[in-house]
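Structure, as structure tokens:
In what follows, every chain begins at residue 1, and chains take the letters A, B, ... in the order their sequences are listed.
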There are 2 protein chains.
Amino acid sequence: MSSPTLQDIADMLKLSKSTVSRALSGDPRVAEGTRARVASLAGHMGYTPNPTARALATRRTNTIGLAVPWAPRSLSDPFYLEFLGAAGDEAMRNGYSLFLSTPDGDGPGAVRAHSELADPRRIDGMILTEPRANDERISFLRRVELPFVVLGVASDPEVSYITGDNTAGARDAVDYLISLGHARIACITGPPDQTASDARFEGYRLAMCSAGLPIDRNIMAAGDFTQSGGHSAMRAIIDSGWVPSAVFACNDVMALGAMRALREAGLAVPADVSVVGFDGISMAEYVDPPLATVKQPIQELGRTAVQILIGRMSGEGGPAHCVLPVEFQPRDSVGPPRIGASATGRG
Amino acid sequence: MSSPTLQDIADMLKLSKSTVSRALSGDPRVAEGTRARVASLAGHMGYTPNPTARALATRRTNTIGLAVPWAPRSLSDPFYLEFLGAAGDEAMRNGYSLFLSTPDGDGPGAVRAHSELADPRRIDGMILTEPRANDERISFLRRVELPFVVLGVASDPEVSYITGDNTAGARDAVDYLISLGHARIACITGPPDQTASDARFEGYRLAMCSAGLPIDRNIMAAGDFTQSGGHSAMRAIIDSGWVPSAVFACNDVMALGAMRALREAGLAVPADVSVVGFDGISMAEYVDPPLATVKQPIQELGRTAVQILIGRMSGEGGPAHCVLPVEFQPRDSVGPPRIGASATGRG
DNA sequence: GTGAAAGCGCTAACAG
DNA sequence: CTGTTAGCGCTTTCAC
């Protein structure tokens with residue numbers, strides 16, 4: 001009926017709980033014969049330690065928390081599912097389970113939900129996604145002394161993080177557009193203060209400046225990392241009347257939204273406007289035209305996040321700052337600007 | 001430093017643990033004054049019960065497990081992230097946390113990972129996604145007597161489930177194609193034995209049969225619910241030489257893969273071939289042309305799954321079988337068949 | 001109304 | 001090498 005306990009095994013073998021516990025945990029002090037008998041019986045009975053009891057005794061839960069962004073009815077970014085899957089895989093492989101937090105929006109409710117999950121008595125460490133510039137969740141984690149790693153960058157050098165090389169990737173992408181002759185290149189950013197968004201914008205800015213191109217407020221718009229956000233942002237740019245010859249969106253789903261807005265405005269991609277995204281979600285390859293994007297090693301980000309966290313939890317070494325290379329992947333959504341269009345930009 | 005315990009509060013108030021515990025849990029036997037003092041102190045100290053200790057004592061973890069499908073480097077279906085978010089929301093709202101299982105593939109490893117998570121000492125109940133016809137995970141859950149609900153349908157009437165009306169939705173979609181004059185309608189199914197895939201195929205079959213249209217093996221292909229699966233499946237159909245005038249894919253991501261295969265073959269959507277998907281992921285609206293799809297109430301599926309599970313966990317009532325209505329949403333990826341093409345079908 | 005005590009299943013000193 | 005004894009922090013009889 002109920003699962004067998006250590007005591008059950010001890011009783012049957014006329015041993016003490018302690019010995020059984022030691023035998024099972026491979027303590028070198030127990031006799032080989034005893035160990036074998038215990039192991040065998042445990043196996044036959046299908047014994048498996050009660051995780052809760054173990055957690056209470058050891059003060060370790062073997063569980064890591066993952067905070068994925070979740071704004072109601074808006075976010076469904078494949079990037080996170082893939083990240084989550086890879087992280088879950090790696091966690092399991094190391095004997096950890098994944099605990100999930102899905103804050104509803106950005107309000108105080110989110111913080112409450114977060115602090116509820118980020119309880120050191122519940123999880124051993126945490127992966128935080130979509131950090132903001134001065135994220136209160138980070139100060140919270142530090143206050144309760146819970147090991148954590150953020151997916152993104154953190155200004156505080158004490159904070160471990162893992163990220164794709166956002167700035168370099170964005171810069172590569174925009175450099176490529178420029179090399180094709182584009183000059184009026186729009187940028188659709190993510191939510192303000194979101195570090196990934198900021199870093200990608202910085203790459204855009206660097207590329208533009210290096211080429212001596214002006215950064216015009218009319219061809220910039222803030223999205224929110226969702227399709228509809230990308231759609232509205234592109235719409236706003238178009239409505240401003242000064243249509244760009246290319247647009248760099250700070251993530252793939254916004255790029256898809258932007259492509260739709262362009263189509264609706266009767267503009268062809270890439271003939272009239274080239275579009276580039278960021279992330280490398282697998283879907284990007286399947287839309288029409290296939291979306292050029294900066295490919296992040298999503299799986300590796302997930303795996304490494306867990307590995308870094310495990311390092312931090314074991315207390316060895318200092319904070320890790322890991323920046324994985326990303327790769328710009330040209331696809332049919334980009335092409336040279338229309339003749340004459342490139343001239344417009346320089347004014 | 002460390003979180004305050006019940007004992008700490010008891011000591012400060014010169015009470016016993018029991019009384020404090022009772023006061024906090026609203027036991028009617030404690031004096032009003034005592035209750036107030038306890039509540040106040042607990043509030044100031046930021047006391048919050050240790051979930052692990054509570055779980056050990058009550059044998060309830062207030063945690064529900066969620067098994068999302070995860071085949072390495074293949075799956076990134078936005079459907080699941082949205083489902084997961086909604087389920088997580090509803091769980092939190094009811095005082096439950098979400099535990100995640102991400103089985104790696106279909107092999108024995110998946111079952112091991114699953115049974116590791118599906119431990120009644122770890123979670124109070126579980127949501128199982130992508131059930132197969134004779135899913136061994138289901139028998140496992142029944143054996144360990146863990147309450148659960150499946151996202152999909154289960155043949156066993158004792159098993160609770162929640163699902164969109166797959167058959168009706170698929171039928172509506174295919175009926176619509178037929179009403180436009182399509183006769184050669186291909187079908188790209190999901191993994192064999194996957195219940196959702198089977199039910200959707202059944203809707204396709206019903207629509208075809210009712211219209212007196214033949215179901216040709218040449219215009220059917222098995223995908224695996226991934227983009228690339230949809231792509232290969234469409235490719236196989238095209239290569240068979242007998243190109244359909246419309247194709248019904250059993251989920252949206254396969255539909256996107258199929259659209260790409262069609263483009264690569266020089267076939268226009270919907271001019272040459274109409275395409276319909278299933279799920280209603282938000283991305284479907286943003287591709288070109290916007291993908292007609294059978295819209296599932298994803299959020300509601302997630303919420304209701306949790307509600308049903310909570311019902312089951314509290315032991316009240318029998319198994320719940322919930323089928324939510326879905327709605328076919330025509331979009332520009334479907335259109336009338338080319339003149340003459342519809343005739344070919346009836347042969 | 002409140003307290004004392006036992007116990008959830010496990011680990012971890014401390015003895016022998 | 002193995003057993004005994006304490007807890008981990010909470011709930012829950014059973015007394016008073």
- When only distance counts, do a donor and an acceptor, one from the side chain of B/Ser18 and one from the base of C/dA4, lie under 3.5 Å apart?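 Yes, the side chain and the base share a sub-3.5 Å donor-acceptor pair.
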- Task: Go through the N and O atoms of the side chain of B/Arg59 and the base of C/dG7, and report whether any donor-acceptor pair is under 3.5 Å.
- Result: no
Without swapping roles, check the side chain of [X] against the backbone of [Y] for a donor-acceptor pair under 3.5 Å.
X: B/Thr52; Y: B/Asn50; value: no
X: A/Ser160; Y: A/Pro319; value: no
X: B/Asn94; Y: B/Tyr96; value: no
X: B/Thr58; Y: B/Arg54; value: yes

Classify the nucleic acid contact of [X] as base, sugar-phosphate or nothing, counting any heavy atom under 4.0 Å across all strands shown.
X: A/Arg29; value: base
X: A/Thr52; value: nothing
X: A/Thr34; value: sugar-phosphate

- Item | Residue B/Leu15, side-chain heavy atoms: nucleotide from D/dC10, D/dG9, C/dG3 that is nearest | C/dG3
- Query: With respect to the side chain of A/Ala53, which nucleotide from C/dG9, C/dA13, D/dG9 is positioned closest?
  - Reply: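 Looking only at heavy atoms from C-beta outward on A/Ala53, the closest nucleotide is C/dG9.
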Give a yes/no on whether any side-chain N or O of [X] is located under 4.0 angstrom from OP1 or OP2 of [N].
X: B/Thr19; N: C/dT2; result: no
X: B/Arg54; N: D/dT11; result: yes
X: B/Tyr47; N: D/dC10; result: yes
X: A/Ser21; N: C/dC10; result: no
X: B/Ser16; N: C/dT2; result: no

